[in-house]
There are 2 protein chains.
Amino acid sequence: MDNALKVERPTVTLRELALNKLRDAILERRFRPGERLVERKLCELLGVSRTVVREVLRHLEAEGLVEILPHHGPIVARLDLETVEQIYEMRMVIEVMVVRSCAERIGAADVDLLRVHLDEIRAGFAASDIRRVMRGTSAFYEVLFTAAGKTVAWDVFRNLNARINQLRSYTLWSPGRNVTGPGEMQAMLDAIGAHDPDAAEAACRLHVGNAWAIARQSAAASE
Amino acid sequence: MDNALKVERPTVTLRELALNKLRDAILERRFRPGERLVERKLCELLGVSRTVVREVLRHLEAEGLVEILPHHGPIVARLDLETVEQIYEMRMVIEVMVVRSCAERIGAADVDLLRVHLDEIRAGFAASDIRRVMRGTSAFYEVLFTAAGKTVAWDVFRNLNARINQLRSYTLWSPGRNVTGPGEMQAMLDAIGAHDPDAAEAACRLHVGNAWAIARQSAAASE
DNA sequence: AGTCATATTATGGTATACCATCATACTGCA
DNA sequence: TGCAGTATGATGGTATACCATAATATGACT
């Protein structure tokens with residue numbers, strides 16, 4: 001018998017809700033790198049017990065968004081220039097692999113979906129709405145990875161991106177990026193839609209390289 | 001003032017000790033994929049409270065070694081063929097990047113260190129001591145990544161490797177691998193030592209490709 | 001005003017209690 | 001003998017208590 005009759009259960013625990021909330025708060029820079037995450041204050045903020053908070057902190061620690069300093073408790077993970085370089089380098093090799101595979105195997109429906117998300121990114125820039133731009137960008141990349149069949153790479157990619165998220169708002173708002181960013185993504189999309197892995201790789205290298213250069217500048221400025 | 005006079009403090013918590021123990025137990029296949037990890041039984045096994053156990057499970061969940069099934073509690077993460085394929089693919093692109101960089105910049109001291117670890121791997125094979133082989137292999141790769149300056153990639157690599165660890169014992173003990181394995185690693189080491197990135201990449205592709213083929217076979221056999 | 005000793009508060013580490021829900025065992029009846 | 005209802009045990013989710021240690025505040029003395 002198929003699943004049509006199966007009773008669905010709510011599965012969301014307080015821990016899952018709190019994890020999503022705290023992760024989003026970190027990614028939205030409501031907590032700054034190096035800032036202490038005091039357990040009892042997080043309990044007040046999130047309205048849950050210390051057990052839930054501690055379990056959430058363990059999860060974020062394993063994700064690399066939180067650092068535990070012995071005898072000092074947790075802090076929001078910091079970024080140094082060297083780590084930024086390495087993360088963009090990883091992003092480059094992963095993203096190149098994915099766009100090549102995508103160009104080789106993507107279906108027309110996913111190409112259309114990519115266009116939809118790219119339009120949403122442009123609309124976000126037009127409205128100066130950074131959250132809309134970031135949501136559109138995440139959705140665009142999720143389609144890329146899923147269409148390429150690379151769910152493991154997507155997990156690694158998201159985790160790395162979360163760690164450099166605080167720089168991404170700089171790369172997004174640097175002068176002219178509202179045009180060059182979507183332009184570069186359009187070039188990637190066109191190459192993918194044309195099933196041209198070499199062109200997709202070239203467009204990807206340009207796009208990630210430019211984002212990397214901007215991030216390098218802003219990381220150096222804030223260190 | 002330098003750190004010479006600084007008083008060092010013990011920083012290991014019960015949680016850290018328990019995390020290492022449970023992770024090792026999973027990697028050593030004392031718990032099989034799909035096996036339930038019952039909290040109260042882990043308390044007895046590890047000799048700690050449920051708080052510690054739950055925090056450790058959260059960490060391993062974020063690392064991908066444990067899956068939480070709603071209303072069923074945690075189980076050791078399972079592996080399917082598709083995930084194995086993707087992990088080896090990721091390993092290929094990461095390892096290629098690292099050996100190239102290593103060939104470009106490695107110092108003589110680290111080349112010597114790689115030789116030491118490769119000798120240890122050979123000795124492990126000679127003694128039919130799989131743990132010695134795996135410790136030697138981990139040490140070899142840690143030197144590779146560290147010499148290349150790729151600590152972020154090392155974290156990602158170790159995490160992915162942990163997930164396919166259960167297959168690695170198959171790849172290590174397949175017929176003839178005791179000779180071909182170290183032989184392929186020797187070829188990588190020679191190319192790195194000669195500062196030849198192209199040769200290092202070729203040797204790396206051969207090595208990872210062979211390990212991948214064996215893992216594919218054993219994953220298929222156990223599904 | 002500065003320093004030092006002491007008191008107090010804040011904090012992370014760890015254990016345990018309680019509860020709701022699910023799984024399993026048992027009993028009674030047809 | 002099989003099935004249904006009930007009881008019991010197992011389990012994960014969550015809260016709170018307690019403790020040791022570190023950080024901060026305070027007061028006394030010079």
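Here is how names work: the chains are called A, B, and so on, in the same order as the sequence lines, proteins then strands, and each is numbered from 1.
Listed by first then second residue, pairs satisfying ring pair (Phe, Tyr, Trp, His ring centres under 6.0 Å) with a partner in residues 13-65 of chain B number zero, not counting sequence neighbours.
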Identify the pairs formed between an N or O of the protein and an N or O of nucleotides 14-18 of chain D at a distance under 3.5 Å, and give each distance.
residue	atom	partner	partner atom	Å
D/dT14	OP1	A/Leu14	N	2.7
D/dA15	OP2	A/Ser49	N	2.8
D/dA15	OP2	A/Ser49	OG	2.6
D/dA15	N7	A/Thr51	OG1	2.6
D/dA15	N6	A/Thr51	OG1	3.4
D/dT16	O4	A/Thr51	OG1	3.2

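Protein atom CG of A/Leu19 is 13 Å distant from nucleotide atom P of D/dG13, rounded to whole Å. At whole-Å resolution of the value, CG in A/Leu57 and P in C/dG12 are 9 Å apart.
With sequence neighbours excluded, the residues forming a side-chain hydrogen bond (donor to acceptor under 3.5 Å, both in side chains) with B/Thr151 are A/Gln86, listed by chain and number. Among residues two or more places apart in sequence or in another chain, the ring-ring contact (aromatic ring centres under 6.0 Å, His included) test is passed with A/Phe140 by none. Under the side-chain contact (heavy atoms from CB on, under 4.5 Å) criterion, B/Pro33 pairs with B/Arg78, B/Gln166, sequence neighbours left out. Every residue meeting the side-chain contact (heavy atoms from CB on, under 4.5 Å) condition with B/Asn20, not counting sequence neighbours, appears here in chain and number order: B/Arg23.
A close approach under 4.0 Å does not occur between any side-chain nitrogen or oxygen of A/Lys41 and OP1 or OP2 of C/dA10.
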